[in-house]
There are 2 protein chains.
Amino acid sequence: MKSPTKPTPHEATREDEDVDFALIELLFFAYRDFTSDPDAILARYDFGRAHHRVLHFVNRRPGLTVAELLEVLRITKQSLARVLKQLIDTGYVVQVQGPRDRRQRELYVTKKGHSLALALALPQSRRINAALEEAGIEDRAALERFLKAMVDPELRAQVDRPPSGGDRTSERGKME
Amino acid sequence: MKSPTKPTPHEATREDEDVDFALIELLFFAYRDFTSDPDAILARYDFGRAHHRVLHFVNRRPGLTVAELLEVLRITKQSLARVLKQLIDTGYVVQVQGPRDRRQRELYVTKKGHSLALALALPQSRRINAALEEAGIEDRAALERFLKAMVDPELRAQVDRPPSGGDRTSERGKME
DNA sequence: AAAATTATGTCAGCCATATTGACATAATTA
DNA sequence: TAATTATGTCAATATGGCTGACATAATTTT
């Protein structure tokens, strides 16, 4: 009857039950709105999400090198270049020659950059807090464990890297 | 001493404590890897993430109209156009003239589209399940509540819309 | 010391995905 | 009949990715 080449609508099948569409969609919607918060702010600075991500990680990991930033963002050098240059040219980020290895450029936010990073993070933080309360989350640690477990195992080191001590000179570098 | 115009590195301040950087970053990393799963598959079809999102929602909300799809994806008609056209031309999605309003085009996946949607969702679902187990999540409902609470309140209706009953003809439409 | 490697920067070009604004058509509603 | 609505399409533009090639300086290896 129905030629197999003529496309026709199709119903869900039994296998659909095996797939966790609920959480897949919830993650999509949650992240969609989570990232929408800073957009309005960024537009006022003629910045985009790419600038946001760079600024965020430089703020959180002061002294980060270019190579490390590329690994965290999972983008290429060329993709980073323009965005980073703009942030430097407009005084949000500075580069410092690496003390151990002078080829490296350690990245730091300026006061201006720190302020903007904070301003961008604030609405996101508020959204998170509101959601935690609204959902009546008691076990916040469980939520953190879940999100961390969503990360590729070999990349989880990136998650644990936030500026704990303050002195990062001993953390990185293959001084053998 | 230090001219205020010359950018210099800057330290974290007290306000940083008020911001939930931990969860902000966890969301970033979790979502980064969550979306990376389907990419390898999509590349084999010469599709991108835009195709994935369209296919996902058409699969999950059969009979969705173009306007509804635009609202869910939060993109413009023109952004959708090319991607949707490609999916239709290659037989993954079909349009059916709306029965109530013949201006509308109801969107449906074909069998081919359904298969691909499922194939794309599978690794994501597996990642979620692995993370739930690994994190020892007992209260899955709490996680769902949290994610849903992250969504803008006025947009939460979109979250609840998945095809529950199977018969969707009575769910939507403004028949009073 | 010379050679190889590494970290960074830059150039040129390409692609995917998003945007806005304008306009056309058909169908519905007023 | 007139206005509105749902969709489609055209043109132009922006952003943020990509690859490949090449240059420079600094470090490491030989």
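Lettering of chains follows the sequences in order, A, B, ..., and the numbering in each one begins at 1.
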For nucleotides 9-11 of chain D, which of its nitrogen or oxygen atoms have a protein nitrogen or oxygen under 3.5 Å away, and what is each distance?
residue	atom	partner	partner atom	Å
D/dT9	O4	B/Gln78	NE2	2.6

Discussion item. Check whether A/Gln158 reaches the backbone of A/Glu71 with its side chain - one donor and one acceptor, N or O, closer than 3.5 Å.
Written reply: yes
Fill in: Interatomic distance, A/Leu87 CG vs C/dG9 C1' [rounded to whole Å]
16 Å
Response to the item:
One would report the end-axis bend of the helix from C/dA1-D/dT30 to C/dA30-D/dT1, five pairs per end and rounded to 10 degrees, as 30°
Discussion item. The criterion is side-chain contact (heavy atoms from CB on, under 4.5 Å); which residues satisfy it with A/Ser79, sequence neighbours excluded?
Written reply: A/Ile75, A/Thr76
Worksheet item: What integer distance in Å separates B/Leu70:CG from D/dT7:P?
Response: 8 Å
Practice prompt. Return the set of residues passing salt bridge (charged side-chain N to carboxylate O under 4.0 Å, His left out) with A/Arg145 (not counting sequence neighbours), or none when no residue passes.
Written response: none
Item to complete: Whole angstrom is fine here: how far is it from CG in A/Leu69 over to P in C/dA7?
Response: 15 Å
Discussion item. Does a side-chain N or O of B/Ser79 approach OP1 or OP2 of C/dT17 to a distance below 4.0 Å, or not?
Written reply: no
What are the atom names and distances for every N/O pair under 3.5 Å that joins the protein to nucleotides 26-30 of chain C?
residue	atom	partner	partner atom	Å
C/dT28	OP1	B/Arg102	N	3.3
C/dT28	OP2	B/Arg102	NH2	3.4

Worksheet item: When you check the gap from the basic side-chain N to the acidic O, do B/Glu144 and B/Arg140 get nearer than 4.0 Å?
Response: yes
Fill in: Strand contacts (DNA chain C) in residues 37-52 of chain B, 4.0 angstrom heavy-atom criterion
B/Gly48, B/Arg49, B/Ala50, B/His51
